[in-house]
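Here is the structure we will look at.
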There are 2 protein chains.
Amino acid sequence: MARVRKTVTIRDVAEDAGVSLQTVSRVVNGGPNVRPQVRDKVRASIEKLGYVPSLAAQRMSGSRSYIILAINDRERTLEDWRERRGTDWVDQMLLGGILTCSQHGYRMMVELVDTHSDHVERELGAALSALQPDGVILTPPHSENRLITDLLAERRIPFARIGSDAPGPGIPLTMGDSGAAHLATTHLAGLGHTRIAMIAGPSQYSLSGWRIEGWKRALAEAGLPYEGLLEVGDFGYESGTRAARALLDRNPDLTAIIASSDQMALAALEVARERGLDVPRDLSLISFDNTPIVRFTQPPLTAIDQPIAETVSRAVEQLIARESKGEGDSVIEVAAALVERASTAPARVLAADRV
Amino acid sequence: MARVRKTVTIRDVAEDAGVSLQTVSRVVNGGPNVRPQVRDKVRASIEKLGYVPSLAAQRMSGSRSYIILAINDRERTLEDWRERRGTDWVDQMLLGGILTCSQHGYRMMVELVDTHSDHVERELGAALSALQPDGVILTPPHSENRLITDLLAERRIPFARIGSDAPGPGIPLTMGDSGAAHLATTHLAGLGHTRIAMIAGPSQYSLSGWRIEGWKRALAEAGLPYEGLLEVGDFGYESGTRAARALLDRNPDLTAIIASSDQMALAALEVARERGLDVPRDLSLISFDNTPIVRFTQPPLTAIDQPIAETVSRAVEQLIARESKGEGDSVIEVAAALVERASTAPARVLAADRV
DNA sequence: GCGCATCTTGAGAGCGTTCTCAAGACTTGT
DNA sequence: ACAAGTCTTGAGAACGCTCTCAAGATGCGC
């Protein structure tokens, strides 16, 4: 009885509206030369039959694929998930990306690629061939991987590099790391802190350098020193522990730390606790990322909110807009914000008891 | 000079290998009747040219689309992300799904659908028409939404219902909620607790009922009461606060709480703190979900780990395997595990001082 | 060694869309 | 009112693949 509902094609619409197949196509794609009267008739038929163009067929006919591919680091993602579970990059990327894509009639797909593998080109190449995306979004640490950017450039696929401001092909977007570090540092200086340390990320991430730069700039503006106040971690918890201990050992008068990831900030919080330092009374703490974790620690952490979703969203818009337009664009910077919570407080004026 | 690299098609391979187009197709799809010698020759050409079939073309030619669509709740996801940021469902789904999909040559796409909207059918219908996925994975609370399951059944698209054990079309998968609650309860009883409360989830989620059932069953087996020990929340923090307060008010001798979400457990932890109860000395706490948060609280929470990634992975396998096979399958249950951390301890034998 | 079944291969159509190009219907300027 | 446009519409090819079906090659039993 109830026959399997046949897929509604453009042909059905054309027939129903009494026009040619091509005219329907024009209406669907907002083509220019269609009489309003015809347009309405076609639209009515589309509505009535519930017609939706097949992505596959659209792609086949040589036009766009309406797919944006987002590349994430498999190794880091998987490891984080299984061991440390300290990422919500993927979540945020998806939310920012999917919504913006769907607003423009596009779809987002996620591909996990292992940077350190020597199959990168193969893996990515296969994905590109299979999907033929209209655009690709690169996230750190892929954003400046020459193997990847060269491959994309060679294939003439527009792409966005998040967390990269280098020249070259691809649209560069940054999340205002320098400004964010500057903001955090200035905030602490404004609270009266004079010894403000930074636990930075690994140097292969450009953003690590930007954050250090912003921090130093703010310190200089405030007339504060930075000697002995920098440690480098790898974003992970363990490295945060090591860095925080080293900083406190070296600087007995330290009253504030900026950590380049939530994980490292949590480690610093624990180190403070093990040394009997109260946060924020004895030590102020600001972290980067603002993942869900930091709202529920004791105390909740003041953090720099990385606008990942917003940035991905912007990247999608750029990719869709410039479809094969020229390169050499200026860097797009999405500003990060400081979310104040309870881990920052004025420096104790009478800190003499600790020195 | 460097011409735009033309896409390698099946025709190029056929030509290079000196066989017909059809033969290449057979080799690619593991077709049965090809001489080993020819097969090898074709494989060599594929390798040499770096040929990868176009998903779109495959789909067009009436075969599979090699796409699995995962449906998530937009409202909950977005709200969680912006306000509470307490979810990592999407992360885990993706990780479990993408990996398993790619192992079978499939791709996973994520669609965010708003259950409460009355456009559900429209939204979902459009996505199905555009993507024509080979399978769909439904997550709570969509898994038992009749509008959605009916739509999928009508279109003859195989789908999996995660967190549903109801009969009807679609492959039902559960994450062992009853068993998990039983496990948690038994664990606490084994530590000597005699008043074990539960903060359940909302009743429109089937899994809420299953957890209550497992809890009651374990209590009955241990000869323990459950009267007055049940409160219902909505998975969110606020509701956890209310529930924990109510439980502690009503039961001065309460020594253990099982919360149906990490958020609610965090709330209970805070309530304990505000009442001067030490966790785990005075109150043991077990949560459900095991999101990243609970490793970094004070103390870290003992939790039931929901095997989301594993379950999605199983769902993908089932969908790919049974491609249009019959229905009426038995429920697939992926067991959840208890991760012991520092929020559970033996009940104090001399609890008389509190009573 | 012949007829029949089976294995291997290829030719051609078709999937749903957009592209190119041409034809007909209207304008407009003179 | 006529030529030269400009709008509007449609016909047909093309995209890359798999499906169906038929033809040739090979094997088997008697």
Side-chain angles (χ1 to χ4, degrees), chain A residues 4-42 45-46 49-67 105 107 126 128-132 134 323-324, chain B residues 4 6-42 45-46 49-67 105 126 128-132 134 323-324:
Chain A
V4 179
R5 184 216 284 237
K6 182 84 172 41
T7 314
V8 178
T9 78
I10 200 174
R11 181 162 282 112
D12 301 320
V13 177
E15 204 166 311
D16 184 83
V19 298
S20 87
L21 199 154
Q22 176 54 32
T23 301
V24 179
S25 176
R26 273 197 269 270
V27 172
V28 170
N29 296 298
N33 300 324
V34 182
R35 259 189 327 188
Q37 182 188 344
V38 176
R39 182 183 304 267
D40 291 345
K41 197 170 52 175
V42 172
S45 293
I46 289 175
L49 301 175
Y51 166 72
V52 178
S54 151
L55 265 198
Q58 288 188 125
R59 165 60 226 161
M60 271 303 294
S61 66
S63 82
R64 294 189 279 275
S65 65
Y66 295 101
I67 286 178
R107 303 260 154 195
L128 295 180
S129 299
L131 257 27
Q132 296 167 282
D134 290 337
E323 286 278 333
S324 80
Chain B
V4 179
K6 182 84 174 38
T7 315
V8 178
T9 78
I10 199 173
R11 182 162 281 114
D12 301 320
V13 177
E15 204 166 310
D16 183 83
V19 299
S20 86
L21 196 156
Q22 176 54 31
T23 301
V24 178
S25 176
R26 272 197 269 273
V27 172
V28 170
N29 297 299
N33 300 325
V34 182
R35 259 187 328 181
Q37 182 189 344
V38 176
R39 181 181 306 267
D40 291 347
K41 197 170 51 174
V42 172
S45 293
I46 290 177
L49 301 175
Y51 167 70
V52 178
S54 150
L55 266 197
Q58 289 187 124
R59 164 61 225 161
M60 272 304 295
S61 64
S63 82
R64 295 189 278 276
S65 66
Y66 295 102
I67 287 178
L128 295 179
S129 299
L131 257 28
Q132 297 167 282
D134 290 338
E323 284 281 331
S324 80

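Residue numbering restarts at 1 for every chain, and letters A, B, ... go by the order of the sequence lines. These numbers come from a predicted model, not from an experiment.
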Given atom [atom1] of [X] and atom [atom2] of [N], what is their separation to the nearest angstrom?
X	N	atom1	atom2	value
A:Arg35	D:dC7	CZ	C1'	10 Å
B:Asp12	D:dG16	CG	P	9 Å
B:Tyr66	D:dC17	OH	C1'	10 Å
A:Leu49	C:dG16	CG	P	14 Å
A:Arg11	D:dG12	CZ	C1'	12 Å
B:Leu21	C:dT8	CG	P	20 Å
B:Arg39	C:dC7	CZ	C1'	13 Å
A:Ile10	D:dA11	CD1	C1'	14 Å

Worksheet item: For DNA chain C, whose closest nucleotide is more 5', that of B:Ala57 or that of B:Thr23?
Response: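 Between the two, 5'-proximity favours B:Thr23.
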Does [N] have OP1 or OP2 under 4.0 Å away from a side-chain N or O of [X]?
X	N	result
A:Arg26	D:dT8	no
B:Asn33	C:dT6	no
A:Gln58	C:dT18	yes
A:Ser61	D:dA14	no

So if I take every side-chain heavy atom of [X] and compare against [options], which nucleotide ends up nearest?
X	options	answer
B:Gln22	C:dG16, D:dC19, C:dT9	D:dC19
B:Ser20	C:dT8, C:dG10, C:dT17	C:dG10
B:Met60	C:dG16, C:dT9, C:dT17	C:dG16
B:Thr9	D:dT9, C:dG10, D:dC17	D:dC17

Worksheet item: Are any of the side-chain heavy atoms of A:Asp12 and A:Thr9 separated by less than 4.5 Å?
Response: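 Yes - at least one pair of side-chain heavy atoms lies under 4.5 Å apart.
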Item to complete: Among A:Asp16, A:Val24, A:Val28, find the one that has a side-chain contact (heavy atoms from CB on, under 4.5 Å) with A:Val42.
Response: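 For A:Val42, the side-chain contact (heavy atoms from CB on, under 4.5 Å) test succeeds with only one of A:Asp16, A:Val24, A:Val28, which is A:Val24.
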Worksheet item: From B:Thr7 OG1 over to A:Gln132 CD, what is the distance, rounded to the nearest 0.5 angstrom?
Response: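 One gets 5.5 Å once the value is rounded to the nearest 0.5 Å.
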Discussion item. To the closest 0.5 Å, what do you measure between CG (A:Leu21) and CD1 (A:Ile10)?
Written reply: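 These two atoms lie 5.0 Å from each other.
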Fill in: Heavy atoms of other groups near B:Gln22 CD, more than 12 under 6.0 Å
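Count over threshold, so yes.
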Worksheet item: How would you label the contact of A:Val28 with the nucleic acid (heavy atoms, under 4.0 Å): base, sugar-phosphate, or nothing?
Response: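 It contacts nothing in the nucleic acid.
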Worksheet item: NA contact type, A:Arg59, heavy-atom cut-off 4.0 Å: base, sugar-phosphate, or nothing?
Response: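 No contact.
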